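One structure below.
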Amino acid sequence: MTLRLYDTATRQLRDLDPVVPGHVGIYHCGLTVQGPPHIGHIRKEVVFDVLRRWLERGGHEVTIVANVTDIDDKILAKGEEQGRPWFAVAYENERALHAAYEVLGCRPPTYEPRATGIVPEMLEMIETLLERGHAYVAADGSGDVYFDVRSWPAYGELSNQRVDDMQAAPDAPPEGKRDPRDFALWKGRKDGEPESASWPTPWGRGRPGWHLECSAMAAKYLGHEFDIHGGGLDLRFPHHENELAQSRAAGQPFARLWMHNAMLNLSGSKMSKSVGNTLMVSEVVKRVPAIALRYYLVAAHYRSIIEYSEESLAEAVTAFERIDGFVARAAELSGGVVEPTEVTDAFATAMDDDLAVPAALAELQAVIATGNKLLAGGDSAELRATLGSVRAMLDVLGVDPLSEHWRGAAPAGGDRAALGSLVLALLEQRQQARATKDFATADLVRDQLAAAGVEVEDTPHGPRWSVKS
RNA sequence: GGUGGGUUGGCCGAGAGGCGAGGCAACGGAUUGCAAAUCCGUCUACACGGGUUCAAAUCCCGUACCCACCUCCA
């Protein structure tokens with residue numbers, strides 16, 4: 001089985017062809033930790049978490065590197081504004097990002113370096129670019145170092161643009177630049193900026209330009225040539241274009257394949273802080289089970305825009321309840337000892353086809369439909385096999401309710417046991433009432449439980465109950 | 001001005017020349033003491049206008065609208 005992915009650089013589906021067979025190196029751009037993550041940010045994490053899980057299931061060893069940009073103009077501005085060190089802002093938001101990984105069941109990257117932790121490597125790379133004639137120190141004495149776009153004829157290859165067709169950046173002060181499209185590798189320290197936000201260099205004190213950290217990190221942790229570079233589609237230009245240019249100009253082949261996830265929109269435009277249409281992960285998770293939020297983010301194809309709405313989120317919650325319901329019922333009947341086994345062929349085919357999760361989910365639903373029929377017959381080998389397969393498929397998407405991660409989210413043991421014995425006592429009363437056809441009493445008990453948030457269903461094997469979230 | 005992507009049934013959301021995903025909602029039936037859950041069934045669309053083809057949601061041309069990027073951005 002070969003995974004095919006859509007390569008943004010060549011705009012076609014391509015087979016994954018790892019540099020080192022059996023191993024896949026992935027770099028994806030993390031966050032600039034100037035604020036806590038919103039659900040658009042976390043969509044990217046979920047997408048790459050699914051990619052990792054699928055590759056690992058296919059027997060690949062996966063190394064994922066994602067940067068944390070912990071220094072930039074906005075972080076410095078926030079520190080200033082809040083009257084505390086810039087790094088206090090960065091660390092706080094980095095923790096919020098890690099909390100969001102955890103709450104949505106995303107395994108953290110293998111390595112997650114901070115921009116400020118890779119300054120020497122960046123400086124080495126700048127030296128190389130200077131030597132090769134692809135970079136220059138600004139003539140205005142600012143201490144800025146720029147990449148010379150005109151010196152690199154391939155510039156624009158990733159985003160399929162020609163330098164001459166591009167609009168010149170209107171905001172960037174052109175002072176030290178030879179061409180308005182030249183971008184900063186290194187930014188000289190400006191008056192008023194904290195000393196702690198600068199590092200010594202041959203050109204004076206300064207701090208990293210944004211793009212260079214990714215090139216330096218990818219080279220250090222994945223090698224000069226690696227398999228997949230990912231990130232949000234909004235990073236394709238200029239960020240990824242610039243990364244590609246500087247790495248190649250420094251003599252490194254860089255990423256073999258580029259993978260970009262589409263945005264999550266709210267009110268018709270990209271969720272972003274500057275538009276003000278953001279929904280924080282930490283907030284949404286208070287209203288909706290985290291596993292259902294993950295299902296929502298994972299259910300759409302990663303290259304399709306998700307137009308967020310309360311309705312579509314609510315629908316995802318309902319859709320996931322059907323899946324969760326089957327897993328819970330099947331696990332109860334089979335004694336809860338069925339481990340994930342193998343995904344079905346149709347599921348695998350879908351995932352191999354550019355992570356076609358919607359098609360994979362259609363297959364999952366079909367398997368669950370047969371599983372639901374088996375449920376009527378009580379415990380059976382077929383039921384266990386179906387549950388094992390369903391769990392395997394859910395595990396690939398990171399939404400197996402019986403996995404260690406999500407099971408851990410259930411109420412604490414002691415409380416759960418106390419609740420359970422109370423509910424069972426009431427259900428016993430109800431069963432006695434039903435046995436004597438005293439349905440008024442039976443319904444009263446059920447209503448009381450429902451009022452307390454406990455739902456009761458009668459099955460051929462007796463009543464089952466669950467806490468309504 | 002340049003570069004990509006999109007417009008599918010009441011809703012969400014796949015597909016990408018013939019065999020018309022899947023889910024949600026709705027309706028009918030089975031099951032149930034009644035429910036719930038489940039199963040069976042019904043409804044069935046491809047922005048608009050041309051064209052190619054035996055056959056187009058799918059290819060081509062044009063039009064409209066939407067999104068992203070060309071400035072920090074997942």
Side-chain angles (χ1 to χ4, degrees), chain A residues 8 11 28-32 34 37-48 66 69 72-74 156 158-172 181 183 210 230-241 260-265 268-275 296 299-301 303-307 309 311-323 325-326 328-329 346 350 353 356-366 368-376 433-434 437-440 442-443 446-447 450 455-460 463-464 466:
Chain A
T8 321
R11 294 181 298 287
H28 69 253
C29 289
L31 292 194
T32 300
Q34 51 135 332
H38 61 239
I39 58 175
H41 292 134
I42 213 68
R43 179 186 189 187
K44 186 213 66 175
E45 307 299 340
V46 169
V47 163
F48 285 93
T69 303
D72 88 320
D73 293 354
K74 286 184 181 170
L158 178 65
S159 54
N160 194 30
Q161 299 185 94
R162 292 183 311 156
V163 172
D164 292 322
D165 289 338
M166 293 177 201
Q167 286 180 349
D171 66 331
R181 289 102 182 159
F183 57 90
W210 173 36
L233 191 53
D234 53 353
L235 295 187
R236 191 172 66 130
F237 191 92
H239 183 51
H240 291 161
E241 188 75 69
H260 289 102
N261 63 280
M263 300 291 97
L264 185 145
N265 286 188
S269 59
K270 178 176 80 167
M271 186 170 283
S272 90
K273 206 142 204 188
S274 49
V275 182
Y296 175 66
H301 187 96
R303 287 195 287 124
S304 296
I305 292 167
I306 295 179
E307 179 65 47
S309 70
E311 293 73 24
S312 59
L313 178 61
E315 192 180 291
V317 172
T318 313
F320 187 72
E321 277 170 5
R322 174 181 157 82
I323 295 168
F326 167 73
R329 281 172 249 275
D353 181 16
V357 174
L361 284 176
E363 165 66 4
L364 175 70
Q365 291 287 354
I368 286 178
T370 54
N372 275 326
K373 287 175 207 164
L374 290 169
L375 233 33
R434 292 180 75 203
K437 299 212 187 300
D438 178 6
F439 297 122
D443 289 351
R446 186 169 63 192
D447 290 347
E455 289 200 333
V456 176
E457 309 165 23
D458 295 316
T459 77
R464 67 184 294 271
S466 54

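As the structure is a computational prediction, the values presented were derived from the model and not from experiment. Per chain, numbering begins at 1; letters A, B, ... match sequence-line order.
- Under 3.5 Å, the side chain of A:Glu315 and the base of B:G23 form at least one donor-acceptor pair of N or O atoms.
- Within the nucleic acid shown, A:Asp73 has no heavy atom closer than 4.0 Å to any nucleic acid atom.
- One finds a side-chain N or O of A:Lys270 lying less than 4.0 angstrom from the OP1 or OP2 phosphate oxygen of B:C69.
- A:Asn261 comes within 4.0 angstrom of a base, heavy atoms only.
- Using a 4.0 Å heavy-atom criterion, one finds that A:Gly325 contacts no nucleic acid atom at all.
- Within 4.0 Å of A:Phe439, counting heavy atoms only, lies at least one base atom of the nucleic acid.
- Each of B:C39, B:G2, B:A21 was ranked by its minimum atom distance to the side chain of A:Ala369; first place goes to B:C39.
- Distances shorter than 4.0 Å separate none of the side-chain N or O atoms of A:Asn265 from OP1 or OP2 on B:C67.
- With salt bridges taken as basic N to acidic carboxylate O contacts below 4.0 Å, one links A:Glu457 and A:Arg329.
- Backbone-only contact: A:Ser304 has heavy atoms under 4.0 Å from sugar-phosphate atoms and none from a base.
- Side-chain to base pairing of A:Arg446 with B:A35: one donor and one acceptor N or O lie within less than 3.5 Å of each other.
- The side chain of A:Ser312 approaches B:C12 more closely than any other nucleotide in the set B:C34, B:A68, B:C12.
- At the phosphate of B:A25, neither OP1 nor OP2 sits under 4.0 Å from any side-chain N or O atom of A:Arg322.
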At a cut-off of 3.5 Å, list every protein nitrogen or oxygen paired with a nitrogen or oxygen from nucleotides 64-66 of chain B, distance to 0.1 Å.
none

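- Between the side chain of A:Glu241 and the main chain of A:Gly156, a donor-acceptor pair closer than 3.5 Å is present.
- Distance from the side chain of A:Pro238 is smallest to B:C70 among B:A74, B:C67, B:C70.
- One cannot find a donor-acceptor pair under 3.5 Å joining the base of B:C39 and the side-chain atoms of A:Lys373.
- Residue contacts for A:Ser159: at a heavy-atom cut-off of 4.0 Å it reaches the sugar-phosphate backbone alone, with no base atom in range.
- Using a 4.0 Å heavy-atom distance criterion, A:Val456 is classed as a base contact.
- Residue contacts for A:Asn160: at a heavy-atom cut-off of 4.0 Å it reaches the sugar-phosphate backbone alone, with no base atom in range.
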